[in-house]
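None of these values were measured; they are calculated from a predicted model. So that the names make sense, note that chain A is the first sequence line, chain B the second, and so on, each numbered from 1.
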Amino acid sequence: MHNSQPMPIDKVLPTLIEKLQEDGRAVLTAEPGAGKTTRTPLALLDEPWLNGQGIIMLEPRRLAARAAAVYMAQQLGESVGETVGYRIRTESRVSARTRITVVTEGILTRMLQNDPGLTGIGLIIFDEFHERSLHADLGLALAMQSRSILREDLRILVMSATLDAAAVACLLEDAPVIECKGSMYPVETIYAPTRPNELLEAAVARTVLQALNAHSGSLLVFLPGAREIRRVQSALEQEQRVGSDVLITPLYGALPQEMQQQAIAAPPAGKRKIVLATSIAESSLTVAGITVVIDSGLRRTALFSPRTGMSRLTTMRAARDSADQRRGRAGRLAPGVCYRLWSEAEDRLLAPATPPEMLEADLTPLALELAAWGASPEELVWLDEPPAAPYRQATELLRQLGALDAAGAITPHGRQMASLGLHPRLAHMLLRAVPLGLSRAACRLAALLEERDLFRGQAAANDSDLRTRLSLVMAAGEEGSPRPGAANSADVDGYALQRLLQVSGQWERQLHKIADDIQPSNEMAGGNTDDWLSFCGLLVSYAYPDRIARRRSDGRYLLRSGRGAVFRNRQLLGDEPFVAIAEVDDEGAEGRILLAAPMPEEHVYEYYRDQMEESAHADWDEHTGVVRVRRRLTLGAILLQDKPDPNPTAERITEALLSAVAEQIDTLLPWNAKSKQLQARVEFLRRLEPSWPDLTDEALARHVHEWLAPYVTGMRKRSELQSLSLYTILENRIGWARMQELQAEAPTHLIVPSGSKIPVQYEGPQAPYVSVRLQEVFGMMETPRIGYGRIPITLHLLSPASRPVQVTSDLRSFWSGTYFEIKKDLKGRYPKHYWPDDPLEATATRKVRPNKP
DNA sequence: CTCTCCCT
């Protein structure tokens, strides 16, 4: 049918077509160079089961989506937008005739959200699924649910490199797996580990020189990031260690496009190239003429930390799948060589696969999509389920942004956020900017925060004031489109500026469309407020309400979330009393503020008043012990005001007392052995039966208002707290019925055969236990059990002089064994005492010998 | 003293 020379994929296409027809879903694994991306959709186009419906193919990158569509259109002798088209964020090339649409990931999600039944689509193909991006996982989960509820005839094909196909097949309800070999040249692997005490960059430079002598052709070097790339480049250049016939080109995402092109292109005639790249060269770009790969074995990744709610850049070992992918880059055109800067022993310890994004990334966008879809994670199928802690954090943030209601359902505001198609934080900021008349500034600010940094080099590092960047963008926007490359300053990336204005313009139009529904149109304006400079901080705070920060006396900042942070360059913003932080690098105990804007104090009070908390705190008069009240105003961890209350009401006095107790529950309340034991007894049972109330110090402190408030009304002094009957109060907290149960299942005392009441200890690693003299338990056959009969009481058996003799939780075996061993010794030391030969028949005693009956 | 990659 379609022309051009045969490719490996052709051999398996008939089987694939058959399986798709029969089973409606399939997994195709193909090695690089098999031709799966461009051949498969065209081969399926005329199948009768498609019924004339369309095919959607998902590609993880715009570049790849466009290229695949162009190539397929060429194969049909057409241009893009006829039978084959594509849709990416910035462009759409489809028509009424289009049957195959290649889309990028966000687009597929939007298509499913807008029409869960995917009307007119007969097949979805997930290409490069092994990359396991968040959106591809989500897309597959949504498509599978659509198939099971709405569209039984919707066919699904998952294509991937190697990946463990069995797991995906299982997820697709036992879909058939079809395998296809590729056409790769062999690549020799050389393990060349870093020497002891040798810096990574030095080892890389050394290996580069070695490889340069040993082989011909160009070199591709994989490094974790831009910093390492610059260092290796200067190490190679400084001492002129490479000849003039060798060209060194860096390659990473933040580089201007023309420099990327230069790195990808074949070297000029008579020259060789050393390309120093990040993982960008691993799959999305093909670098021409590479025969040697040198792999540092590292990758840099944004890990989401549930502890801080922020993502943090971390350098870590690349996994085996990634290392193999990098090595494969040397075998595209001819047999090649790959140097690995680690040993064969280390190689065996590599993780088999790069963790899917689901397990490492910020899940806020995912949580919003699921809420819009109307399903919780448990209702969908996943290769890896969204992990619980980050997911919970994500839904909490969405609630704070007003996207979810208290029950976790999506709100109208949340739907508008989802339809905007940017990170929920930024979407929220855009919607909140509308009533302020700041939508244009907000769109540009969002683009600044989302896209790659506008400044390059030193300038980016030095200026952490967001207003500088925003002013630049606003000015450029007013002048009309700037000429690329001819920016006002040498440090500004003209291309980036142009892209930024284009993207933000798109959002602005979208925002106008939906904002008309919520706001009277006369309030809408592109920028009727020229006051955006002073509102910059407020806008940032809408996106990052958890990162409003206040300056402390030492010049460091305290975030609302409780974290500390400091400006890396204090000269610019370090004196502002309040800032809203857009980016903070969160390594170590204290974050470094990379990007922020000052927030006028009036804005904090005006726009966050409803989120502030007012509370009363105790400040004791040291002489009289009488409470004095201080009133505090806080926004999260930030203390805004703290001043004495000259005329406190009775309620405020009580509140102050309670908050003092909550902070010092151990010292302000009159604890004694009995009440401490009560606390421990309840905790003992709570571990067995979670329905018991939590009476630990922490829980009591948290809930002082519930259990203590009624008893302290009217009190004013510290000494009055000491007069409370704490045991009775706790008893009331537990309740009558449960107190009866407590008496039975966690008794205060154990009555032993001698008649003694021995207190049961509920604290310590061996709890519950009793310490009792051995002679008092003669005749006790079984170890007593408490806690619903589940827990034996450990017996600390003592000599007549109360010295420890034996610890046991199994009396029966003690009497029949160990007793006889220690009896001899005891008899020697306490000859007057009673040491019977049959302890189970003997009479227990508190004295030296039992009374004669 | 410096930020991986990608996408709506």
Side-chain angles (χ1 to χ4, degrees), chain A residues 58-65 87-92 103-114 128 131-139 222-231 234 251-255 260 277-285 296 298-304 310-318 322 325 354-357 360-362 364-366 368-369 372 417-424 426-427 430 446-447 449-464 491 503 506-507 510 567-569 582-587 592 594-595:
Chain A
L58 179 69
E59 285 296 326
R61 273 165 290 279
R62 295 179 204 162
L63 204 78
R87 284 182 60 190
I88 58 181
R89 183 193 206 173
T90 45
E91 270 178 277
S92 178
V103 302
T104 40
E105 299 183 325
I107 299 274
L108 177 69
T109 312
R110 286 274 72 74
M111 288 173 92
L112 277 157
Q113 294 280 19
N114 292 337
E128 313 283 6
E131 293 192 10
R132 296 295 311 283
S133 75
L134 205 52
H135 263 108
D137 277 13
L138 172 67
F222 283 100
L223 291 157
R227 182 177 60 217
E228 290 81 0
I229 287 176
R230 279 191 292 270
R231 286 194 190 146
S234 67
L251 175 59
Y252 50 94
L255 227 47
Q260 289 191 5
T278 60
S279 56
I280 191 173
E282 207 173 294
S283 60
S284 34
L285 304 164
S296 68
L298 300 174
R299 66 169 174 133
R300 193 119 69 212
T301 300
L303 296 183
F304 181 77
M310 301 178 198
S311 288
R312 188 177 74 186
L313 275 178
T314 313
T315 308
M316 48 207 301
R317 283 224 85 100
S322 173
Q325 179 73 26
T354 307
E357 212 182 340
E360 294 186 336
D362 171 13
T364 315
L366 178 86
L368 184 60
E369 293 294 350
M417 281 164 64
S419 73
L420 277 170
L422 21 55
H423 190 284
L426 300 176
L430 294 200
L449 296 177
E450 193 202 46
E451 291 287 297
R452 195 151 274 133
D453 199 351
L454 213 53
F455 286 171
R456 27 187 191 210
Q458 203 65 31
N462 281 342
D463 192 348
S464 39
D491 286 328
V503 166
Q506 227 169 40
W507 289 334
Q510 252 175 295
F567 277 96
R568 62 178 165 190
N569 180 353
E583 276 187 61
V584 52
D585 137 356
D586 193 41
E587 244 159 305
R592 267 170 319 162
L594 305 181
L595 268 183

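Between the C1' atom of B/dC5 and the CZ atom of A/Phe222 lies a distance of 13 Å, rounded to the nearest Å. Summarising the geometry, the separation between CE on A/Met417 and P on B/dT8 is reported as 19 Å, rounded to the nearest angstrom. When rounded to the nearest whole Å, the span between OH of A/Tyr252 and P of B/dC6 equals 14 Å. A straight line from CD of A/Glu228 to C1' of B/dC5 spans 15 Å, rounded to a whole angstrom. B/dC5 atom C1' lies 10 Å from atom CD of A/Glu131, rounded to whole Å. Summarising the geometry, the separation between CZ on A/Arg227 and C1' on B/dT4 is reported as 11 Å, rounded to the nearest angstrom. The distance between atom CG of A/Leu223 and atom P of B/dC5, rounded to the nearest whole Å, is 12 Å. Taking atom CG on A/Leu430 and atom C1' on B/dT8, their separation rounds to 13 Å, with Å as the unit.
Toward the 5' end of DNA chain B, the nearer of the two residues A/Gly225 and A/His423, judged by each one's closest nucleotide, is A/Gly225. Map A/Leu251 and A/Ala418 each onto its nearest nucleotide of DNA chain B; the residue landing nearer the 5' end is A/Leu251.
The side chain to side chain donor-acceptor pair (under 3.5 Å) test applied to A/His135 returns no partner, not counting sequence neighbours.
As judged by a 4.0 angstrom heavy-atom cut-off over every strand, A/Ile88 is placed among residues touching the sugar-phosphate backbone only. A/Thr104 comes within 4.0 angstrom of the backbone, heavy atoms only, and of no base. Residue contacts shown for A/Gly106 are limited to sugar-phosphate atoms, with no base heavy atom under 4.0 Å away. Across all strands shown, A/Leu422 has heavy atoms under 4.0 Å from base atoms, whether or not it also approaches the sugar-phosphate. A/Ser133 comes within contact range of no nucleotide atom at all, as no heavy-atom separation falls under 4.0 Å. When heavy atoms are screened at a 4.0 angstrom cut-off, A/Arg299 is found touching no nucleic acid atom at all.
A close approach under 4.0 Å does occur between a side-chain nitrogen or oxygen of A/Arg62 and OP1 or OP2 of B/dT8.
One finds no salt bridge joining A/Glu105 and A/Arg89 here, because no Lys/Arg side-chain nitrogen approaches an Asp/Glu carboxylate oxygen to under 4.0 Å.
Among B/dC7, B/dT4, B/dT8, the nucleotide with an atom closest to any side-chain atom of A/Ala226 is B/dT4. Distance from the side chain of A/Ile280 is smallest for B/dC6 among the nucleotides B/dT4, B/dC6, B/dT8. Side-chain atoms of A/Ser279 lie closest to B/dC5 of the nucleotides B/dC5, B/dT8, B/dC7.
In terms of modelled atom types and a separation under 3.5 Å, the side chain of A/Gln113 and the main chain of A/Glu369 share a donor-acceptor contact. In terms of modelled atom types and a separation under 3.5 Å, the side chain of A/Ser279 and the main chain of A/Glu282 share no donor-acceptor contact.
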Would you sort out whether A/Glu59 and A/Thr104 count as a side chain to side chain donor-acceptor pair (under 3.5 Å), showing the intermediate values? CA-CA 5 Å; A/Glu59 285 296 326; A/Thr104 40; over 6 Å; no
